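Down below is the structure, laid out as C-alpha cells.
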Amino acid sequence: MDYNFREIEKKWQQQWVAGKTYEVKEDPSKPKFYVLNMFPYPSGAGLHVGHPLGYIASDIYARYKRQKGFNVLNPMGYDAYGLPAEQYAIQTGQHPEITTFENISRYREQLDKIGFSFDWSREVRTCSPDYYHWTQWAFQLMFDSYYDTIKQQAQPISLLIDHLKASGTDGLNAWGSEELSFTAAEWNAMDVKQQSDKLMNWRIAFLSDMMVNWCLELGTVLANDEVVEGVSVRGGYPVVQKRMRQWCLRVSAYSQRLLDGLDTIDWTDSLKETQRNWIGRSEGAEVVFKVADSDKEFTIFTTRADTMFGVTFMVLAPESELVGELTTDVRKAEVDAYLEQVKKRTERERMIDKKVTGVFTGSYAINPFTGEKNPIWVSDYVLAGYGTGAIMAVPAHDSRDYTFARHFGLPIIPLVEGADISEESYDAKEGIVMNSPRPGVTPYIDFSLNGLSVKEAIAATKNYVESHGIGRVKVNYRLRDAIFSRQRYWGEPFPVYYKHGIPTMIPSDCLPLELPEVDKFLPTATGEPPLGNATAWAWDEVNRRVVDNTLIDDKTVFPIELNTMPGFAGSSAYYLRYMDPHNDKALVSKEADNYWRNVDLYVGGTEHATGHLIYSRFWNKFLFDYGYSVSEEPFQKLVNQGMIQGRSNFVYRDNEASKTAGHPVFVSFGLRKNYKDVTPIHVDVNIVKNDELDLEAFTAWRPEYADAEFVLENGKYICGWAIEKMSKSMFNVVNPDMIVERFGADTLRMYEMFLGPVEQSKPWDTNGIDGCHRFLRKLWVFIFDKEGNIRLTDDEPSKEELKSLHKLIKKVSGDIETFSYNTSISAFMICLNELSQLKSGNKQVMEAFVTLLAPFCPHICEELWHAFGHTTTVVDAPWPEWNEDYLKEDSVSLTVSFNGKARFQMEFPADADNTTIEKAVLENPQSAKYMDGKQHIKTIVVPKKIVNIVLKG
RNA sequence: GGCCUGAUGGUGGAAUUGGUAGACACGAGGGACUUAAAAUCCCUUGGCCAUAACGGCUGUGCGGGUUCGAGUCCCGCUCGGGCUACCA
C-alpha cells in the first residue's frame, strides 16, 4: 500500500471540520496560549507559495503548544478594506464588496488545503458591520477622551470640560496640539461651536487643519507610514503637502508609553530599534528668543543647548505662522515669492535636488546669552511639524546650518576646541567648549561654558535656561498624530454628523453606522469624497436613523461625514475581537478578555514596524486605560517571518541568429558567452526542472516560440537563474495548490520549514522538495508493508532505538521553542535513517516519533496515529519528554596540550575523573615525546567533550 | 547620511554559542535492479596534491589581533539586503 497523500489529507481535513477539532472555548482548567498571524488582505492574485510561510510556522507552534497541554487560540480572518478592491471598482463598476468576497473565498480554499489548525468559527472581516461596529465604537470613545499628562492615561473629556468650567486652562494637565490659555470666564462665555473647536485641541480623536500628505493620483491623504521617499507606498505616486481639515488620532500623547512598553515585550532588537527611531524621543530645551525692536518673541527647540554662544542666525519653517508676523514690510514681497516657490515643490523634488534655498525676513532675534542680534531667515530645511517650527542656527556644529551659512555668507563661530570647521561642521557631541562667551567680548550675562565638556555644557545650559526663565527643559518626540481620514469609499464610515458645523457623534446604541451604497466610487464633481455620491447619507436626530439627503434641514436632519477611516483602523484591535467575535454587546466580553488576555505569539512581516505595530499598540493602550483590554501590550512575542523570494529562470536569445533564421534561436546557458548579442528572457519556472528547459513545453508556452531553434550543450538546454521578487512578470510564481496536488500538504508544510530559518528571507526552489516527500514515503514504508499491515514490533525498544528517539525528542522540543524548524526536520530525517539501520521497527518508538512529527505533518500523522489503534486525534497526543539517561555518551574526546601547545587527542570513558585522565595521559606513549621529566600535569576539566590538559615546567 | 542585518561547497543551509567546519537536503558523477522509463537502493561529492594503500596541504568575504584552539570574540575594511531620512 502506497502513501496516498491525496486521500489521507482530504479524509482528515473533512474529519477535523466535522469533529470541530480546532474550535476552542475559554477553559479555566487549562493554561491559555494565543497564537496569531497578521491577517491577510485578500488580493485578487491569490496566495503564492511565500504567503503561507508564517502561517505554517505559527501553526506548528500552535499544535505543539496544544500537545503540551495548552488551550490554544489560533484564529484567522481578513483585513478586507483596501485600495486594490476600490481601484478595481472604479475601473469596472464592480462593487468592492463583491470582489473582496470572491477573493476571500479563493484564499479560504487555498488555506484549507494546507491543513491549518485555525478556529474558523472565530473568523473576522474588517468590512463586516458586526466587526466595524467596534471600530466605530472605539473612535467615539477616543473622541470623548483626552490624555492626562499626570496620570499618563486617557480620561473622559467630561473631566476636562469640568476643569475648564471651573478654572479655565489654569493647571490643566492635558496633552494638546498646542498650548492654549484662557480663563474659566472666557470658556463659559464661548458658544457651543467655539467650545467644540477648543476641545479639538485635546480630544484623542480630533479634527484638525493640518499639513497632510496629499496624493493627487490616489485622491486621498496618507499617513506618514504610507509615504516613503516622497511617494505613496501604494502605486508610487507623488505626494504633496497640503493643509486640510482631517480627523486625527493623538498617538503622540502615548509616545513615552509606546517607548517604555518596548522594554517589556519579546520582539527582536532590530524591530524595537525601528520603533524607537520612529518615536524619536529627543531630550533638549526650549529657549525663548525676543524679537529686536518689537514686543514679540518666539520659542525654538534645541538638543544642543551648549551651542547658545555660536548662534549666528535663526530659521523659520515656511509653513510657520511666525513668518507672517516677523516679515518686515520691505521684505514682504520677496518672502511671499519664496513661500510660493516652496509650495510648488513637492516633497520628492526637495529630496532629489537638495539645493539650498531661503529668504531673510528682515527681523532680528536677540540671543538671550550673547545679546547679539541674529537675522531671522525662512527656509524649507526647517520642518513645521517638528519642535516649534523654528530653530536657532549654529553653523559650526550642525551640517544643515553650515551649508546654509556657507551658501548665504553668514558667520560661523566654532565652539569646540580643536574642531576643524573649514570644510564641514563638527556635529559630534564631544570635546571641550570654547568661545562661550568669546574672549574679549563684554559679557551679556554672567555665565560661561568654556572649559566644560560638551555634555556638561548641555546640562549646565539647560539648568541656566530653566532657572532664569529663558526657557525650559523639554522632551520632543518625532512620532506624530495619525491622520485618520481617507477620501475613499471602501472603508469604515465615521459615525459622525455635522450639526451646524459641529461634529456630533451618532448615538452609540445606533451603531454600526453602515457604509451606504453609491453608484460611483470616484470623488464627486465638486471634489467631495466618494461618499458624497450617496443619496441616503443624512442623520435624522429625532428618528435616530440614516435618511435621504434631501431631508437635510439643519434642524433635526444633518449631513454625515463623507470621509472613511484608513486601513489601520480595522487592523488595530482585531486580536481582541477574535477572543469573542460574535459578541454584539461589546468588543470583547470581560470573561473572554480576562482569559485570553493578549497575544502570546504574533507572526508577521517587518513591513508593519512603523504602521500597524505602532497603531495597534496605541489603540490597545487606549482601551487598556479604560479597562477594555487587560494587557497594556497586545503582542508579547513577535516573530518576523522572512520573505520567500522567487527563483527566476532565463533562456538566452541569440539576436543575430534569430534575425538570419527568421525564427527565435536560443543558446544554452553555458554557451551564451560565445555569442555577442544575447538577450536573457524570463521563462516560466514551471516548465524548467533543475535548470533544464522542457523544450516541448517551451515551444507550446508562447506561439512566437513554436518554431524556436535551440543550441544545446550535452544534449540539454540549460537555463540561467536569478533570485528575484516572486511576481507574475518574472514568471517565477509558484502556486501552493500545485505543490499540494503533486506532493501533498504535509510535504509542502515540511519543505517550507526546511528551506531555512523562519525569520530569514530565502528563495523558493521547487526542485528541493523531493527530499521532504521522500522522507514521508520512507516513513510510510517503514511502518506499513506492501499489504498495508503494520510491520512494527510490540517488543520493548532497544537501547539504540531509545537513544535515537530521545535525541530526537530533545532536539525537536528545543528547536520548536526557538523556531528552528529547519534543523528539527533534519533531526527527523536522521532519526528515521538511524531507526532504519537498526532494521526492527518498534511500535512504541514510532508512536512517539509520530507524536513529534504531528505539528509539522498533521495529516499523515493523524493517519498513522489511528493506524496504531488510537481513537482520539493526534492533535491532542501528549508531547513526549526525553530522558537524559538514554543520551549519555560512552566516551569523551580530549585534546591534550603540553606547554600551551595542543599535541594530540585521546578518547576516555564518559565518567572518567581527573586522576584517571592524568594517569592515562602520562602513560600514553605519545606523551613521552613531550615530557622531559621536570614537567607536571595540570588538568582543567570543562563541561565539554574536549578537556584541556596543560603540562607546565 | 543614520540604524539594523547578513557574507560558510554547484544550491538551500548545519555547527551543541570558543572545541573534529560543511550536519540534513537538493543537484551532479558512478554503480545495482529494470526490456525501458519511473521508483528504489548503494558509493563518491569544498579545493589542491597523492594513491595499490595510509595520507598531506589548504579552506567559513578581506586585513590584523586575543587564545593551546576562532566560522564563532576584539579592531580595521569590502560587498550585499532591509528600514529610515533635512527631526535641530
Side-chain angles (χ1 to χ4, degrees), chain A residues 2 224-225 228-230 268-278 280-282 284 300-305 307 315 317 347 350-351 354 356 379-383 385-394 397-401 403-404 427 476-480 605-607 609-610 640 642-643 645 647 689-692 721 723 750-751 754-757 759-772 774-775 777-778 781 810-811 814 820 822-830 833 893-903 905 940 942 944-951:
Chain A
D2 287 340
N224 284 334
D225 67 283
V228 171
E229 291 184 358
T268 60
D269 288 339
S270 72
L271 192 66
K272 286 187 187 180
E273 207 48 39
T274 304
Q275 290 213 340
R276 283 192 192 104
N277 291 340
W278 190 255
R281 180 191 157 100
S282 64
I300 59 93
F301 174 76
T302 180
T303 54
R304 292 296 301 274
T307 59
V315 188
E347 195 96 332
R350 274 165 61 168
M351 277 174 201
K354 295 193 174 182
V356 183
S379 173
D380 63 4
Y381 85 88
V382 174
L383 304 177
Y386 185 77
T388 60
I391 62 151
M392 61 179 211
V394 185
H397 302 291
D398 181 286
S399 54
R400 294 152 301 176
D401 297 347
T403 329
F404 194 83
D427 291 14
N476 245 321
Y477 299 91
R478 204 187 73 116
L479 183 67
R480 310 225 206 132
T606 68
E607 66 271 20
T610 54
N640 294 117
M643 288 232 299
Q645 295 141 312
R647 188 180 188 278
K689 185 157 201 274
N690 290 326
D691 293 337
E692 187 188 342
W721 59 273
I723 304 302
M750 195 171 181
Y751 186 55
F754 184 68
L755 275 179
E759 301 92 333
Q760 196 173 301
S761 286
K762 58 247 159 185
W764 176 270
D765 183 1
T766 307
N767 293 314
I769 203 169
D770 278 339
C772 291
R774 258 175 226 148
F775 164 80
R777 279 208 307 261
K778 276 186 205 166
V781 300
K810 186 176 181 176
K811 177 82 182 134
S820 311
N822 55 330
T823 50
S824 281
I825 290 167
S826 297
F828 280 114
M829 292 176 175
I830 294 167
N833 274 338
S893 170
L894 310 182
T895 303
V896 181
S897 313
F898 288 91
N899 293 337
K901 296 281 174 227
R903 302 295 185 186
Q905 302 230 329
I940 311 149
V942 290
K944 290 272 152 65
K945 267 199 283 189
I946 291 176
V947 175
N948 276 330
I949 299 172
V950 183
L951 193 71

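Naming: A, B, ... by sequence-line order, numbering from 1 per chain. Fair warning: this is a prediction, and the values are worked out from it, not measured in the lab. Hydrogens, waters and symmetry mates play no part in the numbers below; they use all other heavy atoms, side chains included.
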request  = Indicate yes or no: does A:E692 engage A:K689 in a salt bridge with an N to O separation below 4.0 Å.
outcome  = no
ask   = For A:R777, which contact category applies under a 4.0 Å heavy-atom criterion: base, sugar-phosphate, or nothing?
value = sugar-phosphate
task = For the pair A:N476 (side chain) and A:S282 (backbone), establish whether a donor and an acceptor sit closer than 3.5 Å, ignoring hydrogens and angles.
result = no
request  = Return the nearest nucleotide to the side chain of A:N690; candidates are B:rG13, B:rG27, B:rU84.
outcome  = B:rG27
query = Taking for each residue the nucleotide of RNA chain B bearing the nearest heavy atom, is the 5' side occupied by A:D269 or by A:T606?
reply = A:D269
inquiry  = Taking the nucleotide of RNA chain B with the nearest heavy atom to each, does A:E607 or A:S270 sit closer to the 5' end?
reply    = A:S270
query = Which of the following nucleotides, B:rG13, B:rC83, B:rA25, is nearest to the side chain of A:F754?
reply = B:rA25
request  = Rounded to the nearest angstrom, tell me the gap between atom CG in A:N833 and atom C1' in B:rA25.
outcome  = 11 Å
Distance between C1' atoms of B:rA52 and B:rC42 (Å, rounded) = 24 Å
inquiry  = Please give the distance between the P atoms of B:rA39 and B:rC57 as a whole number of Å.
reply    = 42 Å
inquiry  = At 4.0 Å (heavy atoms only), tell me whether A:R480 reaches a base, stays on the sugar-phosphate, or touches nothing.
reply    = base
ask   = Quick one: is the NZ or CZ of A:R478 closer than 6.0 Å to the six-membered ring centre of A:W278, and within 45° of its axis?
value = yes
request  = Give one of base, sugar-phosphate or nothing for A:I830, where a contact means two heavy atoms less than 4.0 Å apart.
outcome  = sugar-phosphate
query = Taking 4.0 angstrom as the limit, do A:D691 and A:R647 come out as a salt bridge?
reply = yes
inquiry  = In whole Å, measure the gap between the P atoms of B:rG10 and B:rG76 for me.
reply    = 31 Å
request  = Have a look at B:rG22 and give me syn or anti from its glycosidic angle (syn if within 90° of zero).
outcome  = anti
ask   = Say you pick atom C1' in B:rC33 and the same atom in B:rC41; how far apart are they, in whole Å?
value = 9 Å
request  = Would you indicate what A:N822 reaches in the nucleic acid, counting non-hydrogen atoms under 4.0 angstrom: base, sugar-phosphate, or nothing?
outcome  = sugar-phosphate
query = Which whole-number value in Å describes the distance from A:E273 CD to B:rG2 P?
reply = 15 Å
inquiry  = Taking B:rU51 as the reference, what is the distance to B:rA37 when you measure between their C1' atoms (whole Å, please)?
reply    = 39 Å
ask   = With sugar-phosphate meaning primed atoms plus P, OP1 and OP2, does A:K778 contact a base, only sugar-phosphate, or nothing at under 4.0 Å between heavy atoms?
value = sugar-phosphate
